[in-house]
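Structure first, commentary second.
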Amino acid sequence: MDFLNAIVALANFVLIPAISYGSQLAIGALGVTLIYGILRFSNFAHGDSMAFGAMVTILVTWWMQSLGVSIHPLPTALLALPFGIAATSLMVLTTDRVVYRFYRRVKAKPIVFVMASIGVMFIMNGIVRFIIGPGDQRFADGARFIMKARDFKEMTGLREGLAFKTSQGITIIAAVLIVALLFWFLNHTRTGKSMRAFSDNEDLALLSGINPERVVMVTWIIVAALITIAGVLYGLDKSFKPFTYFQLLLPIFASAIVGGLGNPLGAIAGGFVIAFSEVTVTYAWKKIAVYLLPDALEPSGLAQLLSTDYKFAVSFVILIVVLLFKPTGLFKGQSV
Amino acid sequence: MTQNIRTPLLFAIMAVLFILEGSTNFWVFSGSWNTSLAILNMALISAIMALGVNLQWGYAGLFNVGVMGFVALGGLATVLISMPATPGAWSAGGLRIVLGIIVGVGTILGAVQIRKKMSPGRNRGLLMIALLVLGFFAFRYVFDAGVEAIEAINPAQTGNLGGLNPGGPENYKAHGYMTLLAWPVGGLFAAGAAWIVGKTALGLRSDYLAIATLGIAEIILAMMKNEDWLARGVKNVVGLPRPVPYEVDLQKSAEFAARAEAWGTDVTTASTIAVKLSYGLLFTAVLVVLLVLAQLSLKSPWGRMMRAIRDNEVAARAMGKNVTKRHLQIFVLGSAICGLAGAMMTTLDGQLTPNSYQPLRFTFLIWVMVIVGGSGNNFGAVLGGLMIWFFWIKVEPIGNWLMMVVTSGMEDGSGLKTHLLNSAAHMRLFSMGIILLLVLRFSPRGLVPER
């Protein structure tokens with residue numbers, strides 16, 4: 001019985017949160033890695049573009065809520081998502097047209113692109129705060145839980161409850177769908193193949209008649225979809241606050257680099273590696289230890305390796321370790 | 001226009017702006033010398049930070065986005081040097097903390113030694129992991145008890161180790177010179193952190209250094225917010241001693257009152273202005289010294305080598321230059337300057353508030369200063385620091401004014417009008433982004449380009 005309780009506690013406090021957080025990071029990191037593979041720079045505006053996508057979705061959600069549109073038990077935000085993606089696509093295509101295209105044309109160094117993306121980051125930040133303000137916004141509606149902790153306890157008679165939030169369920173399902181769709185697109189469609197060719201060897205791709213501007217445009221649209229979905233899922237799961245999206249930049253970059261920049265498969269693996277390490281290192285293991293260990297060995301403290309505020313440190317340490325020992329990432333990414 | 005005319009002209013324009021700010025309340029200017037000097041003091045500190053970043057970016061092409069972390073470390077140094085030691089803290093847990101840190105560092109060094117000395121294989125990996133895990137728990141065992149003991153001492157007021165001020169809790173404000181000592185120490189702290197980052201991330205591709213520095217800045221901040229024994233974390237440290245006299249003391253002095261009368265100002269205003277002026281003089285002195293050193297180094301063989309490395313790493317390496325070592329050197333130097341500026345800033349604020357450190361303000365804004373001013377040119381960096389800081393402060397009134405103009409046709413009390421008026425503050429970030437993009441696009445070498 002104790003063993004089962006321990007497993008349920010583990011699932012409730014570690015596995016489910018880590019899987020859903022990992023999915024969010026993975027979707028975010030896919031965007032970073034695609035931009036890196038095709039446009040060849042690290043996009044510092046990624047986190048704030050996520051905030052932008054989530055913001056548009058929130059505004060549309062509010063509008064729909066005021067009209068009484070609802071897809072109960074699912075959150076209305078899912079219905080608003082396509083609008084968010086459309087607006088974000090328009091936004092990133094505009095920034096590409098106004099900002100990045102010039103540097104592509106003059107073949108600027110990658111670091112110049114990074115600088116430009118910092119400028120875009122400032123502007124995004126300003127726009128988001130200007131429109132929706134810097135505070136917390138709640139927009140989740142519909143059923144909050146697929147499984148409530150109390151129901152689970154009654155159902156199984158265990159002492160530990162297992163809560164499964166709707167947002168977590170949606171996140172996991174969405175992540176699986178998106179990954180499947182993206183890989184099908186990259187491997188089986190003509191446009192997807194031309195994207196991979198462009199990422200592998202630009203000159204060769206140009207020689208075989210691939211239109212670079214088209215590849216770039218498709219990439220930006222896919223990235224816009226990915227960041228909006230990641231942003232909305234994160235907002236549903238936690239809450240929407242512009243600054244947290246900026247802070248997501250570090251774990252997202254870490255995921256992409258750990259997996260191997262430019263490698264989509266790596267981005268997904270990296271997202272889960274980072275999420276699981278963050279959650280396991282900052283979780284207070286006392287609860288589980290109480291079930292598993294004999295009374296004599298019970299830990300006196302919380303058995304928490306690091307306080308929760310150090311979760312950024314976890315992504316960072318993993319990042320440094322990977323950079324030191326395997327600079328191309330777990331899956332082979334581009335360049336050194 | 002040649003640069004010989006352009007540089008002094010741009011500096012003159014900045015001087016005029018600061019004078020306007022002090023003397024007239026026309027348009028967005030406040031007409032208060034107090035405000036003008038307050039902006040100037042912060043602008044001088046920003047200029048020093050910009051000098052540090054310019055050293056890294058302009059001389060060597062290193063992309064450091066962890067400026068905030070180094071600045072915060074400087075602030076930490078100010079507390080650790082200039083505050084008095086908390087009575088009983090060192091005896092309660094100081095020893096355990098020092099021991100804990102020794103255990104922690106020892107573990108890491110041990111792991112590094114194992115990696116260096118043993119031949120690769122499964123045994124090496126297992127031994128390293130075993131040592132790290134054991135070391136971590138030993139570290140926590142020794143360290144945590146010490147932390148608990150220190151944080152239990154009068155947690156509402158201290159609860160930290162305190163600093164080295166010889167005056168003790170009653171009389172520490174009389175030893176204001178301690179803050180001046182803290183400035184170079186802040187530089188040293190930042191240099192230490194930079195050495196660790198540089199050792200790991202330099203030599204890899206440029207964006208990796210950027211991401212690594214972004215990370216170290218977040219970690220330094222997380223540490224400063226959580227490690228209450230060090231500098232009280234988010235409970236803040238207030239009432240730092242000052243290297244300049246206090247306004248109250250000036251107001252009490254008969255001599256000062258007489259002089260204020262001679263100037264024709266009331267004593268209160270005169271005292272605040274005098275304090276700000278003395279800070280300004282101190283900061284200007286530091287800035288000038290650093291600027292002279294930076295100019296000398298730029299013209300020296302060392303500076304030429306640096307630029308050669310920046311412009312063509314492969315060629316420089318072929319000429320026998322140790323690129324990685326030189327990069328590490330300049331990265332540490334630049335970060336040290338940021339740390340120094342951070343210590344100066346905390347001295348000026350008179351308090352350390354970890355929550356006020358925001359990456360947009362302390363990292364990316366400094367970058368805007370360097371890019372706008374002119375990367376690779378020290379005068380450009382200083383000009384950028386003065387100019388961008390002035391606009392950063394003034395964008396808000398300008399935004400308010402703009403919104404007033406835009407909304408003047410709208411009905412009073414309408415939702416959109418209130419929203420627009422309330423959101424004017426967020427124009428800051430937006431306009432900084434626009435400025436950065438415009439300069440990058442149309443004048444990528446900045447206002448005062450490198451010669």
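So you know, we letter chains A, B, ... as the sequences are listed, proteins then strands, and number each from 1.
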Heavy-atom pair count under 4.5 Å with chain B, highest-scoring of A/Ile131, A/Leu319, A/Leu249:
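So the answer, after comparing A/Ile131, A/Leu319, A/Leu249, is A/Ile131.
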Most chain B-contacting option - heavy-atom pairs closer than 4.5 Å, from A/Gln247, A/Lys311, A/Met124, A/Arg129
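Most heavy-atom pairs under 4.5 Å with chain B: A/Arg129.
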With a cut-off of 6.0 Å (strictly less than), are more than 12 heavy atoms of other residues, nucleotides or ligands near CH2 of B/Trp195?
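Counting other residues, nucleotides and ligands, CH2 of B/Trp195 stays at 12 neighbours or fewer.
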Atom NZ of residue position A/Lys109 - does it have more than 12 heavy atoms of other residues, nucleotides or ligands inside 6.0 Å?
no
Interchain contact, B/Arg441 with chain A, by part (heavy-atom threshold 4.5 Å):
both
Under 4.5 Å heavy-atom distance to chain A, tell me which part of B/Phe63 shows up: side chain, backbone, both or neither.
side chain
What part of [X] lies closer than 4.5 angstrom to a heavy atom of chain B: side chain, backbone, both or neither?
X	value
A/Phe253	side chain
A/Ile257	side chain
A/Met121	side chain

Choice from [options] maximising heavy atom contacts with chain A below 4.5 Å:
options	value
B/Gly215, B/Ala201, B/Ala212	B/Gly215
B/Val368, B/Ile371, B/Ile216	B/Ile216
B/Asn226, B/Leu214, B/Ile434, B/Leu365	B/Asn226
B/Val65, B/Ile211, B/Leu438, B/Leu436	B/Ile211
B/Lys225, B/Arg428, B/Glu227	B/Glu227

Distance in Å, [X] [atom1] paired with [Y] [atom2], rounded so as to fall on 0.5 Å steps:
X	Y	atom1	atom2	answer
A/Leu25	A/Glu278	CG	CD	7.0 Å
B/Leu126	B/Leu131	CG	CG	12.5 Å
A/Gln24	A/Met50	CD	CE	8.0 Å

Carboxylate-amine/guanidinium proximity below 4.0 Å for B/Lys235 and B/Glu151:
no
Looking at A/Tyr103 versus A/Phe41, is the centre-to-centre ring distance below 6.0 Å?
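Ring centroids of A/Tyr103 and A/Phe41 are no less than 6.0 Å from each other.
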Are A/Trp220 and A/Tyr100 close enough that their ring centres sit under 6.0 Å apart?
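When the ring centroids of A/Trp220 and A/Tyr100 are compared, they turn out to be within the sub-6.0 Å range.
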